[in-house]
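The next block holds one structure in the form of structure tokens; read it before the comments.
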Amino acid sequence: MSVRSRETDETTMLGYPCMNRTLRDRDIPLRCNRDMRKATFEERGLPYASELAVQNLTDLYQILRWNLDEDIRFYRCTSTLVPWNSQFDLADLPDYDDIELLAQRCGRLIERHDMRFTFHPDYWCKLASTDDETVRRAVDAVEYHADWLDLMELDRSPYYGINVHIGATYGDKTATAERFRGAVKRLSPGARARLTVENDDEESLWSVPELVEEVGDEVGVPVVFDYHHHSFTDRGLPYREAFAQAASTWGDVRPATHYSEPARLHDDPDAKPQSHSEYVADLPEWLREQSDVMIEAGAKERAVLEMQTADEH
DNA sequence: AAGTGTCAAGCATTA
DNA sequence: TAATGCTTGACACTT
């Protein structure tokens with residue numbers, strides 16, 4: 001069992017999302033988010049998608065190694081790891097055998113070193129949409145993220161989560177929650193076991209207590225507590241209580257949380273309240289002790305490095 | 001080489 | 001009814 005439970009391991013892990021700016025800015029850039037436009041996909045098709053996937057997975061391994069060297073054991077991978085995967089099955093790629101080996105190599109590194117690895121499909125992954133075709137595409141998106149985790153041979157657990165928002169109300173929250181639960185039930189066991197749901201960043205959308213009641217408790221999808229988002233949807237709940245509610249949906253698995261601070265606090269007084277600052281200064285100790293924290297800051301991995309340096313003093 | 005407009009996907013808001 | 005922003009990186013075309 002490679003998945004850490006809250007009881008057996010209290011080691012805090014801080015992570016960062018997607019792009020590693022240090023490695024991207026090297027003379028030979030390392031990145032795992034190579035993508036292409038529609039016209040290019042139509043022109044060059046599967047062979048080029050396959051080529052980009054090989055390059056992305058090759059670099060992903062190097063990024064994970066760099067993370068390990070820096071003692072950063074939590075990473076959110078981009079959804080363009082295999083570009084245009086909504087249009088084909090992984091096994092259709094000409095380099096499928098290589099891709100499988102590269103994915104397994106990444107998965108082994110993650111498991112061997114107790115790293116945590118997650119995905120966060122983009123905002124158009126709308127599982128609760130009123131449009132059936134949109135739901136079908138959203139289910140498909142969660143499925144191909146799950147395929148990648150299967151290819152890496154990582155456990156089917158929210159520890160290696162695929163995190164989504166509900167992200168809309170469609171004018172009727174009760175009906176929307178019901179549609180979301182319906183979509184969850186359509187997922188394959190491997191995709192469903194990895195799905196997590198995060199509180200939104202607008203007052204009218206989905207708060208932690210709403211998600212816990214409508215999704216966490218009803219269909220067992222763990223709730224990812226986003227500290228900054230909670231300021232927009234607090235429903236009168238203090239941060240610690242909202243986190244405790246979200247944490248109750250994770251069973252024995254150590255919860256994942258998100259932490260960021262407003263740009264208007266540090267960088268730009270005119271920024272939107274939702275905008276993230278470049279660096280963060282006040283991660284609460286209680287959050288750190290009880291969860292693995294994804295630091296969502298403009299400076300990405302540098303923000304985490306800075307926090308680790310601060311720890312040493 | 002550097003700068004600019006645009007990009008698969010949904011929704012909510014505004015004009 | 002149609003355009004726009006969302007978050008952001010990067011493609012693709014221009015200069």
Side-chain angles (χ1 to χ4, degrees), chain A residues 16-27 29-46 48-49 51-53 55-56 59-60 63 76-88 119-145 162-173 175-177 179-180 183 197-206 226 228-229 232-233 258 260-264 267-268 270-278 294-303:
Chain A
Y16 66 95
C18 300
M19 187 185 52
N20 182 311
R21 287 149 62 124
T22 303
L23 295 177
R24 184 198 61 177
D25 293 341
R26 283 189 175 172
D27 290 344
L30 289 175
R31 59 196 186 91
C32 58
N33 60 344
R34 292 173 185 81
D35 200 357
M36 60 183 144
R37 293 182 168 199
K38 183 180 186 180
T40 308
F41 180 62
E42 285 169 352
E43 193 180 314
R44 304 185 59 179
L46 290 194
Y48 190 48
E51 188 183 322
L52 294 179
Q55 292 177 14
N56 284 340
D59 283 5
L60 174 60
I63 291 167
R76 178 199 299 163
C77 187
T78 169
S79 290
T80 57
L81 184 65
V82 181
W84 291 85
N85 201 168
S86 62
Q87 306 300 308
F88 53 81
F119 287 109
H120 197 352
D122 240 323
Y123 57 80
W124 49 72
C125 179
K126 288 292 198 289
L127 287 168
S129 178
T130 51
D131 178 66
D132 287 344
E133 222 7 62
T134 300
V135 178
R136 191 195 61 72
R137 281 193 288 264
V139 166
D140 191 53
V142 178
E143 293 289 346
Y144 69 73
H145 285 82
I162 302 169
N163 182 48
V164 301
H165 290 268
I166 296 184
T169 65
Y170 310 89
D172 181 344
K173 283 184 129 172
T176 297
R179 281 195 307 279
F180 188 85
V197 65
E198 175 185 347
N199 52 319
D200 286 304
D201 68 353
E202 283 185 45
E203 196 277 334
S204 65
L205 297 181
W206 294 87
D226 186 306
H228 181 40
H229 293 179
F232 304 99
T233 57
H258 295 174
S260 57
E261 292 173 12
R264 61 196 312 172
D267 305 326
D268 174 9
D270 299 324
K272 289 185 31 175
Q274 281 88 351
S275 295
H276 297 173
S277 60
E278 286 293 301
M294 177 62 52
I295 303 297
E296 296 179 324
K300 298 287 191 286
E301 82 289 352
R302 290 170 203 253

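We name chains A, B, ... by the order of the sequence lines, and we start the count at 1 in each one.
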Margin query: Please determine whether the number of non-hydrogen atoms from other residues, nucleotides or ligands lying under 6.0 Å from atom CG of A:D25 exceeds 12.
Written below: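 More than 12 heavy atoms, drawn from other residues, nucleotides or ligands, come within 6.0 Å of this atom.
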In whole Å, measure the gap between the [atom1] atoms of [N] and [M] for me.
| N | M | atom1 | result |
| --- | --- | --- | --- |
| C:dC11 | B:dG10 | P | 23 Å |
| C:dT8 | B:dA1 | P | 29 Å |
| B:dA9 | C:dT1 | C1' | 22 Å |
| C:dC13 | B:dA8 | P | 12 Å |
| C:dT7 | B:dG3 | P | 26 Å |

Nearest whole angstrom, please: distance from the [atom2] of [N] to the [atom1] of [X].
| X | N | atom1 | atom2 | answer |
| --- | --- | --- | --- | --- |
| A:M36 | B:dA9 | CE | P | 16 Å |
| A:K272 | B:dA12 | NZ | P | 15 Å |
| A:E203 | B:dA12 | CD | P | 14 Å |
| A:I166 | B:dG10 | CD1 | P | 18 Å |
| A:M19 | C:dT7 | CE | C1' | 11 Å |
| A:W206 | B:dC11 | CH2 | P | 14 Å |
| A:E133 | B:dA9 | CD | P | 13 Å |
| A:R37 | C:dA10 | CZ | P | 13 Å |

Does the side chain of [X] get closer than 4.0 angstrom to OP1 or OP2 of [N] through an N or O atom?
| X | N | value |
| --- | --- | --- |
| A:S129 | B:dC11 | yes |
| A:K38 | C:dC11 | no |
| A:R31 | C:dC11 | yes |

Closest listed nucleotide, where the reference is the side chain of [X] and the choices are [options]:
| X | options | value |
| --- | --- | --- |
| A:T134 | B:dA8, C:dA10, B:dC11 | B:dC11 |
| A:A168 | C:dG9, B:dA12, C:dC6 | B:dA12 |
| A:S86 | C:dG9, B:dA8, C:dC11 | B:dA8 |
| A:R137 | B:dC11, B:dA9, C:dT7 | B:dA9 |

Check every strand shown and say whether [X] touches a base, only sugar-phosphate, or nothing at a heavy-atom separation below 4.0 Å.
| X | answer |
| --- | --- |
| A:D200 | nothing |
| A:T80 | nothing |
| A:R24 | sugar-phosphate |
| A:Y170 | sugar-phosphate |
| A:T169 | sugar-phosphate |
| A:D122 | nothing |
| A:K300 | nothing |

Next item on the list: Verify the stacking flag for A:W124 against B:dA8: centroid separation must be under 5.5 angstrom and the ring planes must differ by under 30 degrees.
Entry: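 Stack criterion not met.
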Margin query: Could you identify the nucleotide paired to C:dT7, looking across every strand shown and requiring Watson-Crick or G-U wobble geometry with both distances under 3.5 Å?
Written below: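 The base-pairing partner of C:dT7, which may sit in any strand shown, does not exist here.
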Item checked: Pairing partner of B:dA8 (Watson-Crick or G-U wobble, both distances under 3.5 Å) ->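 Because no pair has both required distances under 3.5 Å, B:dA8 counts as unpaired.
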Margin query: Please determine whether ring pair (Phe, Tyr, Trp, His ring centres under 6.0 Å) holds for the pair A:H120 and A:H165, giving the CA-CA distance in whole Å, both sets of side-chain angles, and the decisive distance to 0.1 Å.
Written below: CA-CA 9 Å; A:H120 197 352; A:H165 290 268; 5.4 Å; yes
Check: Got A:S86 and A:R137 here, is their nearest side-chain heavy-atom distance under 4.5 Å?
Finding: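 Answer no - side chains too far apart.
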Check: Does the side chain of A:K173 come within less than 4.5 Å of A:W206's, by heavy atoms?
Finding: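 Of all side-chain heavy-atom pairs linking A:K173 with A:W206, at least one is under 4.5 Å.
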Check: Using the benzene-type ring in the case of Trp, are the ring centres of A:H228 and A:H276 under 6.0 Å apart?
Finding: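 Ring-ring flag for A:H228/A:H276: true, centres closer than 6.0 Å.
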Note to self: Check A:R34 with A:E51, please: is the shortest side-chain N to carboxylate O separation under 4.0 Å?
What the structure shows: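 So A:E51 does not pair with A:R34 through a salt bridge.
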Margin query: Would A:Q55 and A:L52 count as a side-chain contact (heavy atoms from CB on, under 4.5 Å) here? Give the steps.
Written below: CA-CA 5 Å; A:Q55 292 177 14; A:L52 294 179; 4.2 Å; yes
